[in-house]
Engineer: 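Sharing a structure with you now.
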Amino acid sequence: VQLVESGGGLVQAGGSLRLSCATSGITSNDYVVGWFRQAPGKEREAVSAIGNFDGATHYADSVTGRFTISADYAKNRVYLQMNSLKPEDTAVYSCATRYCSGYGCFGWWLASEYKYWGQGTQVTVSS
């Protein structure tokens, strides 16, 4: 399984970016793709996730209403549309995936449950 992120960059506060996660090699029909971020000196934080089993989407409180996750499974892509960006959104954003039990996954926010990770893409929001 491979995941490759793209779309990061430098943007002013209030601006938007769309991150893309290209996936390959996933063999399960029940999996979740999540987005995580880590700022310097801080712990990794779960941002959002989407499950292909039921299409359920999940968001951290800090991004609800500003970020939108979506998937184009025909293209093996998961996107994170980030609007109204704030300086505190500055971090390395990584996508990750985990296989589920056949009934979806519990604990989308648990980074330790994700087995496959991308290399990450830097997002910098200037004030």
Side-chain angles (χ1 to χ4, degrees):
V1 177
Q2 289 189 325
L3 300 98
V4 179
E5 304 93 340
S6 61
L10 173 64
V11 64
Q12 289 188 332
S16 300
L17 283 173
R18 188 176 82 153
L19 304 184
S20 176
C21 175
T23 68
S24 62
I26 295 177
T27 57
S28 173
N29 290 322
D30 182 12
Y31 62 92
V32 168
V33 175
W35 284 98
F36 294 79
R37 66 186 182 186
Q38 188 165 21
K42 294 188 177 181
E43 293 188 354
R44 180 180 286 165
E45 174 188 16
V47 176
S48 183
I50 186 167
N52 80 318
F53 178 74
D54 55 6
T57 58
H58 310 277
Y59 298 95
D61 290 344
S62 59
V63 306
T64 296
R66 300 188 298 123
F67 290 12
T68 303
I69 192 169
S70 62
D72 184 340
Y73 294 111
K75 295 183 178 180
N76 295 324
R77 293 285 193 280
V78 173
Y79 304 100
L80 185 68
Q81 178 66 43
M82 307 186 295
N83 298 330
S84 302
L85 283 162
K86 305 175 181 180
E88 51 263 44
D89 294 319
T90 295
V92 174
Y93 284 71
S94 300
C95 61
T97 191
R98 55 184 281 202
Y99 294 162
C100 304
S101 63
Y103 299 94
C105 281
F106 170 78
W108 71 270
W109 61 90
L110 297 172
S112 59
E113 294 294 318
Y114 288 77
K115 184 175 181 179
Y116 305 101
W117 290 80
Q119 293 297 312
T121 185
Q122 176 70 46
V123 171
T124 303
V125 184
S126 62
S127 57

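When reading the values below, keep in mind they use all heavy atoms of this one structure, side chains included, and skip hydrogens, waters and symmetry mates. In this text, all values refer to a predicted model and were calculated from it rather than measured experimentally.
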Engineer: Identify the two heavy atoms, one from Ser94 and one from Gly120, that lie closest to each other, and give their separation to 0.1 Å.
Structural biologist: OG-CA, 3.5 Å
Engineer: With Arg77, which residues qualify under salt bridge (Lys or Arg N to Asp or Glu O under 4.0 Å), at least two apart?
Structural biologist: none
Engineer: Between Ala39 and Ala91, what is the shortest heavy-atom contact and its length?
Structural biologist: N-CB, 3.8 Å
Engineer: With rounding to the nearest 0.5 angstrom, report the CG to CD1 distance, Leu80 to Ile50.
Structural biologist: 10.5 Å
Engineer: Can you list every disulfide (SG to SG under 2.5 Å) pair that touches residues 97-127, not counting sequence neighbours?
Structural biologist: Cys100-Cys105
Engineer: Would you list the pairs meeting side chain to side chain donor-acceptor pair (under 3.5 Å) in which at least one residue belongs to residues 80-92, sequence neighbours left out?
Structural biologist: Ser16-Asn83, Arg37-Asp89, Arg66-Asp89, Gln81-Asn83
Engineer: Quick check: closest heavy atoms across Ala46 and Ala60, and the distance to 0.1 Å?
Structural biologist: O-CB, 3.3 Å
Engineer: With sequence neighbours left out, what residues match Val123 under side chain to side chain contact (heavy atoms under 4.5 Å, CB included)?
Structural biologist: Leu17, Leu19, Met82, Tyr93, Val125
Engineer: Show every ring-ring contact (aromatic ring centres under 6.0 Å, His included) that has at least one partner inside residues 40-82, sequence neighbours left out.
Structural biologist: His58-Trp108
Engineer: Under 3.5 Å, is there a donor-acceptor pair between the side chain of Gln12 and the main chain of Ser126?
Structural biologist: no
Engineer: Which atom names give the shortest non-hydrogen contact between Ser127 and Ala13, and what distance separates them?
Structural biologist: CA-CB, 4.4 Å
Engineer: Quick one: disulfide (SG to SG under 2.5 Å) pairs with a partner in residues 13-96, sequence neighbours left out?
Structural biologist: Cys21-Cys95
Engineer: With Thr57, which residues qualify under side-chain hydrogen bond (donor to acceptor under 3.5 Å, both in side chains), at least two apart?
Structural biologist: none
Engineer: From Asn76 CG over to Thr23 OG1, what is the distance, rounded to the nearest 0.5 angstrom?
Structural biologist: 4.5 Å
Engineer: Report whether Val32 and Leu110 are members of the same hydrophobic cluster (ILVMFWY, side-chain heavy atoms less than 4.5 Å apart, transitive linking).
Structural biologist: yes
Engineer: Rounded to the nearest 0.5 Å, what's the gap from CG on Asp30 to CZ on Arg98? Could you check?
Structural biologist: 10.0 Å
Engineer: Can you name the residues that form a side-chain hydrogen bond (donor to acceptor under 3.5 Å, both in side chains) with Thr27, not counting sequence neighbours?
Structural biologist: Tyr99
Engineer: Roughly how far, to the nearest 0.5 Å, is CD of Glu45 from OG of Ser62?
Structural biologist: 4.5 Å
Engineer: What ring-ring contact (aromatic ring centres under 6.0 Å, His included) pairs are there with at least one residue in residues 3-49, not counting sequence neighbours?
Structural biologist: Phe36-Tyr114, Phe36-Trp117
Engineer: Sequence neighbours left out, what passes side chain to side chain contact (heavy atoms under 4.5 Å, CB included) with Gln2? Give chain and number order.
Structural biologist: Ser24
Engineer: Check for a donor-acceptor pair, side chain of Gln119 on one end and backbone N or O of Val4 on the other, with a separation under 3.5 Å.
Structural biologist: no
Engineer: Can you get from Trp109 to Val47 by hopping between Ile, Leu, Val, Met, Phe, Trp and Tyr side chains that sit under 4.5 Å apart?
Structural biologist: no
